[in-house]
Amino acid sequence: MPEGDTVWLTARRLHAALGGQSLVRGDLRVPKLATVDLAGRRVLEVVARGKHLMARLEGEVTLHSHLRMDGAWHLYAPGERWRGGAPHQVRAVLETRSRTAVGYRLPVLELLPTAEEATVVGHLGPDLLGPDWDPARALAALAADPARPVGEALLDQRNLAGIGNVYAAELCFLRGVTPWTPFGDVGAPEKLVVLARRLLEANKARPGHVTTGDTRRGRTNWVYGREHQPCLRCGTPVRSARHGRAEQDRVAYWCPRCQRGPGPGPSPAAG
Ligand SMILES: [Zn+2]
């Protein structure tokens with residue numbers, strides 16, 4: 001699941017490549033949109049809203065995409081070989097005279113009137129990297145369900161938009177709580193929200209999600225992706241477990257020594 005900063009950077013690169021340019025080719029390779037031809041339309045801007053990408057086109061039309069697990073947009077120069085995946089994984093081709101944007105494995109790709117973007121992103125909480133960022137509103141949304149495990153609450157895009165598995169794990173580590181700690185038991189929760197914003201801001205203009213301040217390979221994160229390896233702070237082996245709703249395939253990582261609070265335990269009943 002991409003983090004909000006990855007989507008923000010993707011939007012910025014797509015905007016730099018396509019913004020203000022007219023499409024000489026615009027193929028959408030999903031059955032519902034197979035007959036749509038976007039050639040001739042100018043790309044006005046490409047923006048991120050949480051983890052959603054919005055390419056606004058001339059004629060009040062927005063091409064909405066979401067990367068989910070392994071979707072990606074790649075940019076190529078004319079004549080350059082496409083390397084983002086097999087041809088059958090290509091979902092969209094947006095080409096100008098000088099650049100070609102290719103969307104691979106996009107699980108969400110749809111056209112909608114620009115005025116109706118809220119129908120697909122209106123449910124999102126304040127966007128950590130958006131112009132609407134509002135820490136008080138994010139905190140109020142999180143605090144509204146004090147029994148909910150903090151790891152799950154941070155991943156819920158209705159509370160605040162932009163956090164994926166990496167930042168959820170790292171934020172819990174940095175605040176010294178396990179992902180299963182009820183949100184109401186997290187000390188100084190306002191600091192969690194401020195820190196979330198700071199981490200995404202610090203990483204938005206570069207690939208990767210550095211939370212340790214150390215960009216060396218294997219040192220960029222405290223606990224994320226480091227199960228069985230020594231905690232970078234105390235040396236205790238980092239643990240991992242699934243959390244949240246099973247179908248979302250969330251994996252939590254934590255240091256049992258640096259982080260206080262409940263462990264994964266048996267799954268609570270649904271509902
Ligand atoms: Zn530790």
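All ligand and atom numbering here is 1-based and tracks the order in the structure. Keep in mind that this is a model prediction, so the values were computed, not measured. Residue numbers count from 1 along this sequence.
Using modelled atom types, one side-chain atom of E3 and one backbone atom of V166 make a donor-acceptor pair closer than 3.5 Å.
Annotation: protein N, O or S atoms under 2.8 Å of the Zn ion (ligand 1) (waters excluded) comprise C231 SG, C234 SG, C255 SG, C258 SG.
Residue pairs that meet the salt bridge (Lys or Arg N to Asp or Glu O under 4.0 Å) test with at least one member in residues 227-240, sequence neighbours left out, do not exist here. Applying the salt bridge (Lys or Arg N to Asp or Glu O under 4.0 Å) definition to pairs two or more places apart or across chains, those involving residues 101-115 are D70-R105.
Taking D156 as the reference, R148, R158 meet the side-chain hydrogen bond (donor to acceptor under 3.5 Å, both in side chains) condition, with sequence neighbours excluded.
Residues R41 and E58 are not paired through a salt bridge, judged by the lack of any N-O separation under 4.0 Å between the basic side chain and the carboxylate.
Distance NE2/H74 to CZ/R83: 8.5 Å, rounded to 0.5 Å.
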